[in-house]
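Residue numbers start at 1 and run along the sequence shown.
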Amino acid sequence: MDEKLALVYRYFQLLENFSADPAEFANIFHPGVIQTEYPNQLSAEVKQRNFELMLDSMATNKLILKSQHYSVQKAVQNGNSLVVEATWTGEIGVDAGKYRRGQVMKAFICTVIEFREGKIYRQRNYGCYEH
């Protein structure tokens, strides 16, 4: 397996385990990492997160979700970029807004990941959630 794709699998594994350990993610993310999340069912706005905000978001997910899983469908590499199509499923762990404990959500995600110095430097997420 290509080392870039292996790094993405490791990233998804950490997310599935609800890790928010900065040391673990420092092995994956470039210090100047920026994640951009484009509008979707959960957020009407474009959101950009640096390393610290990404870790905060991961900690919040642990409070809201009981479980989550990423399944990579396809990955295409072009130079220092990797385009990954994945399916995400998450079980809600608490009642939150319109979401109820036990509800299972599913999203089809395309994420464009750019690497610098062997780590994730830029990540752009395009998620389509089932209703």
First locate atom [atom1] of [X], then atom [atom2] of [Y], and finally report the distance between them rounded to the nearest 0.5 Å.
{"X": "Gln13", "Y": "Arg10", "atom1": "CD", "atom2": "CZ", "value": "4.5 Å"}
{"X": "Lys106", "Y": "Ser71", "atom1": "NZ", "atom2": "OG", "value": "9.0 Å"}
{"X": "Leu65", "Y": "Met58", "atom1": "CG", "atom2": "CE", "value": "13.0 Å"}
{"X": "Arg49", "Y": "Ser57", "atom1": "CZ", "atom2": "OG", "value": "4.0 Å"}
{"X": "Glu85", "Y": "Ile109", "atom1": "CD", "atom2": "CD1", "value": "11.5 Å"}
{"X": "Ile120", "Y": "Phe51", "atom1": "CD1", "atom2": "CZ", "value": "11.0 Å"}

For the pair Gln35 and Asn125, evaluate side chain to side chain contact (heavy atoms under 4.5 Å, CB included) and give the outcome as yes or no after the intermediate values. CA-CA 8 Å; Gln35 178 192 63; Asn125 291 338; 3.6 Å; yes

Tell me, yes or no, whether the heavy-atom count around Lys119 atom NZ, taken from other residues, nucleotides or ligands under 6.0 Å, exceeds 12.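 Counting neighbours around NZ of Lys119, more than 12 heavy atoms of other residues, nucleotides or ligands fall under 6.0 Å, so yes.
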
Do Thr36 and Gln48 pair up side chain to side chain, a donor and an acceptor below 3.5 Å, judged on atom types alone?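 Yes, side-chain donor-acceptor contact under 3.5 Å.
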
Tyr11 vs Phe25 aromatic rings, parallel, tilted or perpendicular, using cut-offs 30° and 60°?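 Ring orientation, 0 to 90° scale: perpendicular.
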
Tyr38 and Tyr126 aromatic ring geometry - parallel, tilted or perpendicular at 30°/60° bounds: parallel

For His30 and Phe115, run side chain to side chain contact (heavy atoms under 4.5 Å, CB included): C-alpha distance rounded to whole Å, both residues' side-chain angles, the deciding distance at 0.1 Å, then the answer. CA-CA 8 Å; His30 185 277; Phe115 296 83; over 6 Å; no

Same cluster (ILVMFWY, side-chain, under 4.5 Å), Tyr9 and Leu14: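 Yes, because Tyr9 and Leu14 connect within a single hydrophobic cluster, where side-chain heavy atoms sit under 4.5 Å apart.
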
For the residue pair Ile113 and Val8, what are the closest heavy atoms and their distance? CD1-CG2, 3.6 Å

Provide the closest heavy-atom pair for Leu15 versus Gln68 in the form atom of the first, atom of the second, distance.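 So the two residues come closest at O-NE2, 2.7 Å.
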
Quick one: are Leu82 and Leu5 in side-chain contact, heavy atoms under 4.5 Å?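 Leu82 reaches Leu5 side chain to side chain.
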
Any heavy-atom pair between the side chains of Gln73 and Thr87 that's under 4.5 Å? yes

Residue pair Val84, Val72: steps toward the side chain to side chain contact (heavy atoms under 4.5 Å, CB included) verdict: CA-CA 7 Å; Val84 179; Val72 173; 4.0 Å; yes

Applying side chain to side chain contact (heavy atoms under 4.5 Å, CB included), run through Arg122 and Arg116 and close with a yes or a no. CA-CA 9 Å; Arg122 296 287 184 260; Arg116 182 176 284 179; over 6 Å; no

